[in-house]
Amino acid sequence: MQKREIIIILILIVISLLRFIFSNNDEPLFWEAIDQKVTFEGLITETPDVRINNQHLKIKLEDEKSRILVMTSRDKEFSYGDLVRVSGRLEKPENFTTDNGREFNYKRYLANQKIYYLINRAEVEIISSGGGNPIKRFLFQIRKNFIKNINKVLASPESDLANGLVLGVRGGFDDKTEKELIETGTIHIVALSGYNVSIIAEAVIKFFGLMLPASFSIVLSIIIIILFVLMTGATATIVRAGIMAVIMLFGRLTGRTYQAGRALVITGLIMIVFSPRIITDMSFQLSFIATAGVLFISPKIIKFFRFIPARLGLREIITATISASIAVLPLLLYLTGVFSIVSIPTNTIIALIIPYAMFFVFVTGLVGFIWPALSIIFAYLADFLLSLILIIIHFFGSLSFSSFLIRSFPLWLTILIYLFLIWWIFIKNDKS
Amino acid sequence: MTNRKKQIGYLIVLSILLMGAFIFYLSLKQEGEFGFLKVVYLDIGQGDAIYIEAPNKKQVLIDTGPSPATLAKLSKVMPFADRSLDLVILTHRDQDHIGGASLLFETYEIDNILMTDQSSETSLSLELDRKIERSNLNKIIAHRGQRFILDADRKIYLDILFPNRNISDFESNETSIVSKLSYGQKSFLFVGDSTIYNESLIIWNEQEQTINSDILLLGHHGSKTSSSLFWLEKVSPDLAIISAGKNNRFGHPAEEILDRLSKSKTPKLITFEEGNITLLSDGQNIFRKK
């Protein structure tokens, strides 16, 4: 590593530490309004999160930095940029206990999104539409229509899986399917994991690379990836994968070698500098550790998998899945307590199908804009692959021994395991 | 060179395997019910949603269940990628019957909607009115004597038996649209949340043979406020269907009604026990498709 790089990384670390320590609490004080019926006007700042029984709106008050989470019925259709009048009882979020007996820090989860208050069962009226950032509004409109195109030709739960895979739309699943996704350790695929974003980034680069001169296609790919990250709502996982893809493309543009490990560290630091609280975000933590696992554990264990044919990227996918699973396991056990035995086989098998499923879902959704009847042909192929994925998840998820619960997994053990992993990856290597 | 050949070989084997799997999958999708009238009592929890498909592919939906989430099951029983309905009947405006309607407007193309002119002040119902007004579908107000011809060649009709009078001061359940689907000698009766009072009004107005039906959807999810002994005798169904949610807070279906059925030796099927209940008819027989 060069001196200059070390300095850059050190500066980033210092800034992020300072930002973290001095991050001011921007919680507005509405104490007197708690548990009271309130009415206010505000702007919808994200595309509505439509769940099975209601929809979640994030609403920014005028002259306020923070937002209020508003739950309302699904019957009305809202969009990003709508100015709305909300009335309902103002509440403070409360932490709750999950099905697995772990406390979920809902307060912190919302505070990370600058949300300190919420309203359940609110009455919401649209005052005017068309506010907010016009680019974002345009992107969210595309996203909404894309989802409609998919829902017009695919049935639930295949349509839910399709929207989850390519756009990270979550919440559409029925309880049974969602439970199976958790028990087989595959829930990350429907939250648009970094893996999915990297597939998309690669496809975009290849597509433009076919018809345009290299540097031009790289610039175009960078723009598309940034727009895609914005369109999907820019969650931590997607931003992580997006920044890494952009760093890689910049490397190609300037003719430098891309070192994924370094890119990962820099991406993490940039994100923390930008928003220090993200470090407590569960999906941020899991996404980073999983990527680190793929990057650093894979080369160590690939020698055990020489017997697997390298054809169709089989060997690579299997080692990557196992590496990521090893890396996230301690943290997952600490956070959720769910130990899934079938996670590795399920993830490996579906990882082979996912790129093809995503491709056909994309084509189905895009052709739906131009010629809906034609999209049905692609929908058949997409539906075939999606139901295959669901059948596999259902098969593994319905095994009685698919997962079990570890009541308490202490923090010190988690840290100890990670220290051991770091030693195994970095220090042991240097000696030999 | 040999490596190349080997690769092509693998590719051929792989594509044959994929094609085989795809054909198998299509054969699963293909439903062997050509020429049959299909009636599906959807397992949508506590509420009603019934899908009807005539052999000529005319499609009717009676009620939408309690929520968009549950109505998602509808697309599974319809032909692949088919998101259009010829007629939607909303029997009345309670949540467990119109709760899924917003999904219909989001993803389905609806030609006609049949409802009563009774309004309701719930936000769900008001929003429904707004959506109907904005869309360009054909709104029909239901009354006795209307006949919807689903399949003229095979003589498959849907007849409206209720409302048969001015219902403006009726309580919500009592405004339920009652309809009878007939194909040849076989018939299905759909009653929404009709009460014993409605049942008497219908018995008063109709001929015996009109009321008599092979399959009866028990009124109000099997509540004891519906399905009087007299009504069950008049309809004399071969099979009673109850559309209700597991452990629902209303205790539907009521013990009394179940007793009534077992005394008259009428078999019953309940959606929360069976899942979707699919019945097929060729006009001579009705059989259940598992």
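Bear in mind the structure is a predicted one, so any value in this text is a computation, not a measurement. Chain naming here is simple, since letters A, B, ... match the order of the sequence lines and numbering starts at 1 in each.
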* Under 4.5 Å from a heavy atom of chain A, the part of F105(B) involved -> neither
* State whether the number of non-hydrogen atoms from other residues, nucleotides or ligands found under 6.0 Å of F305(A) atom CZ is greater than 12. => yes
* To do: Count the heavy-atom pairs under 4.5 Å between each of A72(B), G99(B), A101(B), A81(B) and chain A, then report the option with the highest count.
  => A81(B)
* To do: For the pair F188(B) and F190(B), name the ring-plane relationship: parallel under 30°, tilted 30 to 60°, perpendicular over 60°.
  => parallel
* Parallel, tilted or perpendicular: ring planes of H97(B) versus H92(B), cut at 30 and 60 degrees -> tilted
* To do: Indicate yes or no: does E133(B) engage R130(B) in a salt bridge with an N to O separation below 4.0 Å.
  => no
* Are Y51(B) and Y41(B) near enough that their ring centres are under 6.0 Å apart? -> no
* Tell me, for T107(B) versus chain A, whether the close heavy atoms (under 4.5 Å) come from the side chain, the backbone, both or neither. => both
* Asked: Heavy-atom distance under 4.5 Å to chain A: side chain of K131(B), backbone, both or neither?
  -> side chain
* Measure L381(A) against the heavy atoms of chain B and call it side chain, backbone, both or neither at under 4.5 Å. => both
* **Proximity breakdown for L103(B) and chain A, heavy-atom pairs closer than 4.5 Å** => side chain
* Contacting moiety of P157(A), where chain B heavy atoms sit under 4.5 Å -> both
* Asked: Taking D82(A) for the side chain and S79(A) for the main chain, is one N or O donor matched with an acceptor at less than 3.5 Å?
  -> yes
